[in-house]
2 protein chains.
Amino acid sequence: MARSGTSRRLVGDGDVGGRSARTRSLLVDAAIETLKEEGFAGASARAIAARAGCNQALIFYHFGSVANLLLAALDAVSVARRERYAEAVEGATSPAELVDAAAAIFAEDLEAGHATVLVEMIAGAASTPGLGAEVGTRIGAWRGFAEQAIDSAAAGTPLAALFPAGEFAHGVVALYLGLELLSHLEGDRAAALRLFERAKRLALLVERLGPPATSPTALGETR
Amino acid sequence: MARSGTSRRLVGDGDVGGRSARTRSLLVDAAIETLKEEGFAGASARAIAARAGCNQALIFYHFGSVANLLLAALDAVSVARRERYAEAVEGATSPAELVDAAAAIFAEDLEAGHATVLVEMIAGAASTPGLGAEVGTRIGAWRGFAEQAIDSAAAGTPLAALFPAGEFAHGVVALYLGLELLSHLEGDRAAALRLFERAKRLALLVERLGPPATSPTALGETR
DNA sequence: GTCTATACTTGGATAGAC
DNA sequence: GTCTATCCAAGTATAGAC
């Protein structure tokens, strides 16, 4: 947005490793941390800059506005987590395996505060005109990912017929966000994790109702 | 908190119908409306007072702080909705009937913005020390209500054995909050309501797996 | 690119007139 | 109980020195 043209290192658009990139990265990390610990309402330019150990004016130089920096923070979290998600979901070929992968991912997100960043940005978007649309497209990408993972893991099970992957994904993302809200509020992650245990058993139940056609262990038996 | 002792009408603690009570009510309503439309971060004393059509200083006179007024707003929504919930859930004696009642309630909450107030308060609590605990006890009451409703509607069905009401209630409240976040963000209530259709079918499925012992139509047949 | 300094706005909160 | 006036802290954003 305000990328200057007078960089000493001529490394083009990326400027990776340059001083500018380093500051941007510091600010993005500080913004993430501030969203986690102070929430959207506490994520002011001054608060973020103090955490980054640099001057408040740099936020406007590099990002133009606080809202833009917060969006960059949301993007950073999204990119980092999507890589991890793809890796975790890769090996899941049945509903139960997908639940296991989701449980592991979600436990990490709760523990590290990644989910908090999403929730604070969604809830906070209401106070800044235009921010809602920007956040919406980013969350839409998460739901798309969930839909794809569910679609491929549910293939061949009765779930695919009973519950369209798109609707299911919407519910999963909502549950993810809601569990984060409650966990954060009550300082208790265990209640959320117990639900994944239940989901696992339900998934095994669903698998038994119909043979998972794509699973390598599909032999037509019920157990 | 700052209830004066020099009221002209000597009506004790309530002061119902007095000028003071009227102003307090106006402020609480305005706070609710502001939370819905501007979010927690936009719910400043000035913004709320402007909506209430009165002076900003009155907030501090009547409630001591903005945070206290917002808590009073949360209480007002909780009380009003709890009455409605109790009425809606009263007639539900089976899982499917409870889902129907919940769907009706939730549609109202989404439409009127009651759910938004909850979500904004939970997410916003992170920025104000001490607020989280206050909000937490209020949300805890909602989960308690859900648990009780689920417990009595699930009695006699296989659900009761497979899924403790407490855990189930936690998931339901989380889903409620998450669906509100997504609905509000994407301006689309339909996606959330479709999930209740699916839940209804699942509830009917569960009822068929085992006879609902407490239901008046329980005759031991499968259909 | 980063800092200091500063302009200007908004927000929380209180004092005192009515 | 309500209003006006005001103080002060904190916020966004920009200008200009280095």
Side-chain angles (χ1 to χ4, degrees), chain A residues 1-11 14-28 30-31 34-35 38-71 124 127-131, chain B residues 1-11 14-28 30-31 34-35 38-71 124 127-131:
Chain A
M1 183 156 277
R3 313 223 68 239
S4 91
T6 56
S7 177
R8 199 190 284 159
R9 294 159 152 263
L10 296 176
V11 280
D15 191 23
V16 183
R19 208 158 46 131
S20 175
R22 180 179 144 73
T23 299
R24 288 173 67 94
S25 171
L26 275 175
L27 283 171
V28 167
T34 308
L35 279 172
E38 318 264 7
F40 182 92
S44 69
R46 284 174 149 89
I48 295 169
R51 216 178 271 268
C54 71
N55 195 277
Q56 165 252 358
L58 285 175
I59 289 174
F60 302 95
Y61 174 77
H62 285 291
F63 298 93
S65 71
V66 175
N68 277 341
L69 169 56
L70 295 178
L71 279 175
S127 69
T128 307
L131 190 52
Chain B
M1 182 154 279
R3 310 224 68 239
S4 92
T6 57
S7 177
R8 199 192 282 160
R9 294 159 153 263
L10 296 176
V11 280
D15 190 22
V16 183
R19 208 160 43 133
S20 175
R22 179 179 145 72
T23 299
R24 289 173 66 92
S25 172
L26 275 176
L27 283 171
V28 167
T34 308
L35 280 173
E38 319 264 7
F40 183 92
S44 69
R46 287 174 150 90
I48 296 170
R51 217 178 270 267
C54 73
N55 195 276
Q56 164 251 1
L58 285 175
I59 288 174
F60 303 95
Y61 174 77
H62 285 291
F63 298 92
S65 69
V66 175
N68 278 340
L69 169 55
L70 295 179
L71 279 175
S127 69
T128 308
L131 189 52

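Proteins come first, then strands; the chains are lettered A, B, ... in the order of their sequence lines, and each starts at number 1.
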Once rounded to the nearest 0.5 Å, what's the spacing between atom [atom1] of [X] and atom [atom2] of [Y]?
X: L70(B); Y: T128(B); atom1: CG; atom2: OG1; value: 8.5 Å
X: Q56(A); Y: L58(A); atom1: CD; atom2: CG; value: 9.0 Å
X: T23(B); Y: N55(B); atom1: OG1; atom2: CG; value: 11.0 Å

In whole angstroms, how far is the [atom2] atom of [N] from the [atom1] atom of [X]?
X: L58(A); N: dT4(C); atom1: CG; atom2: P; value: 10 Å
X: R19(A); N: dC3(C); atom1: CZ; atom2: C1'; value: 11 Å
X: N68(B); N: dA13(C); atom1: CG; atom2: C1'; value: 13 Å
X: I48(A); N: dG11(D); atom1: CD1; atom2: C1'; value: 12 Å
X: L70(A); N: dG11(D); atom1: CG; atom2: C1'; value: 14 Å
X: I59(B); N: dT14(C); atom1: CD1; atom2: C1'; value: 14 Å
X: F60(B); N: dT2(D); atom1: CZ; atom2: C1'; value: 15 Å
X: H62(B); N: dT14(C); atom1: NE2; atom2: P; value: 15 Å

Worksheet item: Nearest of dT2(C), dG1(D), dT14(C) to any side-chain atom of S20(B)?
Response: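 Closest nucleotide among those given: dG1(D).
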Item to complete: Among the candidates dC3(D), dG12(C), dT14(D), find the nucleotide nearest to the side-chain atoms of C54(B).
Response: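 Nearest to the side chain of C54(B) among the choices is dC3(D).
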Item to complete: For residues 58-70 of chain A, pull every pair meeting salt bridge (charged side-chain N to carboxylate O under 4.0 Å, His left out), keeping only residues two or more places apart or in separate chains.
Response: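 Residue pairs passing salt bridge (charged side-chain N to carboxylate O under 4.0 Å, His left out), neighbours aside: none found.
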Atom pairs and distances, donor-acceptor, side-chain atoms in residues 38-48 of chain B, under 3.5 Å, two or more places apart:
from, atom 1, to, atom 2, distance (Å)
E38(B), OE2, R51(B), NH2, 3.4
S44(B), OG, A47(B), N, 3.1

Worksheet item: So, does S25(A) use its side chain to make a donor-acceptor pair with the main chain of A21(A) at under 3.5 Å?
Response: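 Pair absent, no side-chain N/O of S25(A) close to backbone of A21(A).
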Between protein and nucleic acid, restricted to nucleotides 4-10 of chain D and to nitrogen or oxygen atoms under 3.5 Å apart, what atom pairs and distances do you find?
from, atom 1, to, atom 2, distance (Å)
dT4(D), OP2, N55(B), ND2, 3.4

Discussion item. In the structure I gave you, are the side-chain heavy atoms of I59(B) and N68(B) within less than 4.5 Å of one another anywhere?
Written reply: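 Side-chain contact under 4.5 Å: no.
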Check: protein-nucleotides 16-18 of chain C nitrogen or oxygen pairs below 3.5 Å:
none

Fill in: Under 4.0 angstrom between T23(A) side-chain N/O and dT2(C) OP1 or OP2
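Indeed, a polar side-chain atom of T23(A) lies that close.
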